[in-house]
**Q** 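Take this structure first; my questions come after.
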4 protein chains.
Amino acid sequence: MRFHIQPTSSRPVYLQIVDQVKRDIALGLLLEGERLPTVRETAATLAINPNTIAKAYRQMEQEGIIVTRSGAGASVAPLESGLNKSVKKRILTEQLQRVIVDAFHMDVDQETLTQWFSQLLVQFNLKEPSDV
Amino acid sequence: MRFHIQPTSSRPVYLQIVDQVKRDIALGLLLEGERLPTVRETAATLAINPNTIAKAYRQMEQEGIIVTRSGAGASVAPLESGLNKSVKKRILTEQLQRVIVDAFHMDVDQETLTQWFSQLLVQFNLKEPSDV
Amino acid sequence: MRFHIQPTSSRPVYLQIVDQVKRDIALGLLLEGERLPTVRETAATLAINPNTIAKAYRQMEQEGIIVTRSGAGASVAPLESGLNKSVKKRILTEQLQRVIVDAFHMDVDQETLTQWFSQLLVQFNLKEPSDV
Amino acid sequence: MRFHIQPTSSRPVYLQIVDQVKRDIALGLLLEGERLPTVRETAATLAINPNTIAKAYRQMEQEGIIVTRSGAGASVAPLESGLNKSVKKRILTEQLQRVIVDAFHMDVDQETLTQWFSQLLVQFNLKEPSDV
DNA sequence: GTGGTCTAGACCACC
DNA sequence: GTGGTCTAGACCACA
């Protein structure tokens, strides 16, 4: 696994790492049980403070995305979400609404936005074993 | 215009205000040229520090959402986005991707997500060109 | 609120703080909505690094014990536990079992242990308004 | 004796082993003088680093739970606790208090907690003096 | 070797 | 003023 960090981004470095791990899992590039690079290794590769990487890992652990066994590295946890459906809907529609509103203010029409949305869905659907 | 603020939300107060103005414009509830409540009026109503409201207004002015004439308050600016299309696409697909990845980790399937997306589009479609 | 830290304890400082806040809430000494001392203030009083205090606060926030509004300090959150009952039972009986086993190995008989348990319950029951 | 280890638990593996030995002794499943499996045997069965098992045994020896005679393996020591009563009380009430506070924050009422406590006591009472 | 804790000190976002 | 992020570096617990 290779991370790509933009130090100038307003998004904190540790969240950029979280984003990328979550994306790669969703894309099927990282499979359940697969090991992530160690904190020190990642810190060295990216020339970033180990504490920052550790923070990203801690965050993912608490979100249930990965499991870390102290002294034995971190690996991808099985998919499991304890949230009930109404909460999920609230969170996701809130995010989607923000995108739609932004699109409006950028003068992007709904067809175009829907098209981009669909293209992304296709990308993230490739991970279904039988579909490939 | 009435704002609804959740002080405990992780989303900063000033961005909650920006969100709501942008949403109401996109919904056609706020029309071009319409005036927004003054900073001090809003601050009093919401019992929030005026600096916070001022920051929200400054942010919206920068984004070209509103225009403020000193002494005459703020009003909704005409829709206009100077960004070029590839930039728009990058910004919006980045946001959409994050939603899709989050949906995956919440174990929400693509059909459900697409349905929620479509429902939102309908809501924001009511105020089409001919309505203005 | 005054904290009492034992730097020599094997229990990490940040957890000692969490323990004390949770205990004081359970005792009714800290009420819902009440503000906690600021991170910097606490750090100065205890002569402990602010990051350590911040970590304790972050931990409590994620446990839902307190809410922090950036720029406006932290306060006690309303009591709410999203766990379902079987999970609660598993967690608590696991802890209780460990105490009982330890008591056995210390040669403390069950009557004595039960007595200590009851005395503690009484202490933590005083917080019911009408009982006082 | 068969150990059951959850590698993903936040409780260290070596302590899980200690927990289980102490519990089985308290339950009367392991009697004084009875021999424990060897370090290397256990390590092989559980597919765990022998150092981890050795650490668990060292810990139990220090606590006076078991005695190890070099070359002759480990066996259960006679029950004996050198602590004075006030120390025992301090240690155990500290643990009990933590359970009670946790129960409060999980919104588990005192009746329920007391019931769980009593049920556990019954389990651990089956192996009373006369049974040995 | 792994990750976890704590310190010290800088800078930023928010109110 | 508040808390959040990041860096740098020490020490410890765990496997």
Side-chain angles (χ1 to χ4, degrees), chain A residues 5 7 9-17 35-43 46-61 66-75, chain B residues 5 7 9-17 43 46-56 59, chain C residues 5 7 9-17 35-43 46-61 66-75, chain D residues 5 7 9-17 43 46-56 59:
Chain A
I5 301 300
S9 165
S10 70
R11 194 155 180 84
V13 173
Y14 84 98
L15 283 181
Q16 292 185 44
I17 291 172
R35 287 199 50 184
L36 271 68
T38 70
V39 169
R40 284 168 169 80
E41 180 184 330
T42 308
L46 302 178
I48 283 178
N49 189 294
N51 282 337
T52 303
I53 315 292
K55 180 170 191 176
Y57 279 40
R58 221 180 307 133
Q59 164 95 10
M60 290 189 282
E61 163 114 63
I66 64 173
V67 291
T68 67
R69 295 178 303 282
S70 175
S75 56
Chain B
I5 301 299
S9 164
S10 68
R11 193 150 181 90
V13 173
Y14 84 99
L15 283 182
Q16 292 185 45
I17 293 172
L46 301 179
I48 281 179
N49 190 316
N51 289 335
T52 304
I53 316 292
K55 180 167 188 176
Q59 164 96 10
Chain C
I5 300 301
S9 165
S10 70
R11 195 154 179 84
V13 173
Y14 84 99
L15 283 181
Q16 292 185 44
I17 291 172
R35 287 198 48 184
L36 271 69
T38 69
V39 169
R40 282 168 170 80
E41 181 185 329
T42 307
L46 302 179
I48 283 177
N49 188 294
N51 282 337
T52 304
I53 316 293
K55 181 170 190 176
Y57 279 41
R58 219 179 309 131
Q59 165 96 8
M60 291 189 282
E61 163 114 64
I66 65 174
V67 290
T68 67
R69 295 180 300 283
S70 175
S75 56
Chain D
I5 301 301
S9 166
S10 68
R11 194 152 180 89
V13 173
Y14 86 99
L15 283 182
Q16 292 186 43
I17 292 172
L46 301 179
I48 281 179
N49 190 316
N51 289 334
T52 303
I53 316 291
K55 180 166 190 178
Q59 164 95 9

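Labels below follow one simple rule: chain letters A, B, ... track the order of the sequence lines, proteins then strands, and each chain is numbered from 1. Because only heavy atoms are used, hydrogens play no part in the values below, and waters and symmetry mates are left out as well, while side chains stay in. Source: prediction; values computed, not measured.
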**Q** Using residues 48-55 of chain D as the side-chain source, report each donor-acceptor pair under 3.5 Å to any protein atom, sequence neighbours left out, with the distance given to one decimal.
**A**
from	atom 1	to	atom 2	distance (Å)
D:Asn49	OD1	D:Asn51	N	2.8
D:Thr52	OG1	D:Asn49	O	3.4

**Q** In the 5'-to-3' direction, what one-character label does each nucleotide of nucleotides 8-15 of chain F receive under the scheme B = base within less than 4.0 Å of a protein heavy atom, S = sugar-phosphate only, - = no such atom?
**A** BB----BS
**Q** Expressed as a whole number of angstroms, how long is the span from A:Leu46:CG to F:dT7:P?
**A** 10 Å
**Q** How long is the span from the CZ atom in C:Arg58 to the CD1 atom in C:Ile66, to the nearest 0.5 Å?
**A** 11.0 Å
**Q** Which heavy atom of A:Tyr57 sits nearest to which heavy atom of A:Pro37, and what is that distance?
**A** OH-O, 2.6 Å
**Q** Round to a whole Å and report the spacing from CD1 of B:Ile53 to P of E:dC14.
**A** 14 Å
**Q** Mind calculating the distance between CD (C:Gln59) and C1' (F:dG3) to the nearest angstrom?
**A** 17 Å
**Q** Which pair of heavy atoms, one from D:Gln59 and one from D:Leu15, lies closest together, and at what distance?
**A** NE2-CD2, 4.4 Å
**Q** Look at the side-chain N and O atoms of C:Thr68 and state whether any lies under 4.0 Å from the OP1 or OP2 oxygen of F:dG4.
**A** yes
**Q** Just report the end-to-end axis angle for the helix from E:dG1-F:dC14 to E:dC14-F:dG1, five pairs per end, to 10 degrees.
**A** 30°
**Q** F:dT2 P sits how many Å from C:Arg35 CZ, rounded?
**A** 9 Å
**Q** Taking side-chain hydrogen bond (donor to acceptor under 3.5 Å, both in side chains) as the test, write out the residues that go with D:Arg11, two or more places apart.
**A** D:Asp19
**Q** Residues two or more places apart in sequence or in another chain: which of them pass side-chain hydrogen bond (donor to acceptor under 3.5 Å, both in side chains) with C:Arg35?
**A** none
**Q** So, using side-chain hydrogen bond (donor to acceptor under 3.5 Å, both in side chains) as the criterion, who are the partners of C:Thr42 when residues are at least two apart?
**A** none
**Q** Could you state the atom-to-atom distance from CD1 of A:Ile5 to P of F:dT5 in whole Å?
**A** 15 Å
**Q** With a 4.0 Å limit, can you tell me whether A:Thr38 has a side-chain N or O closer than that to the phosphate oxygens OP1/OP2 of E:dT2?
**A** yes
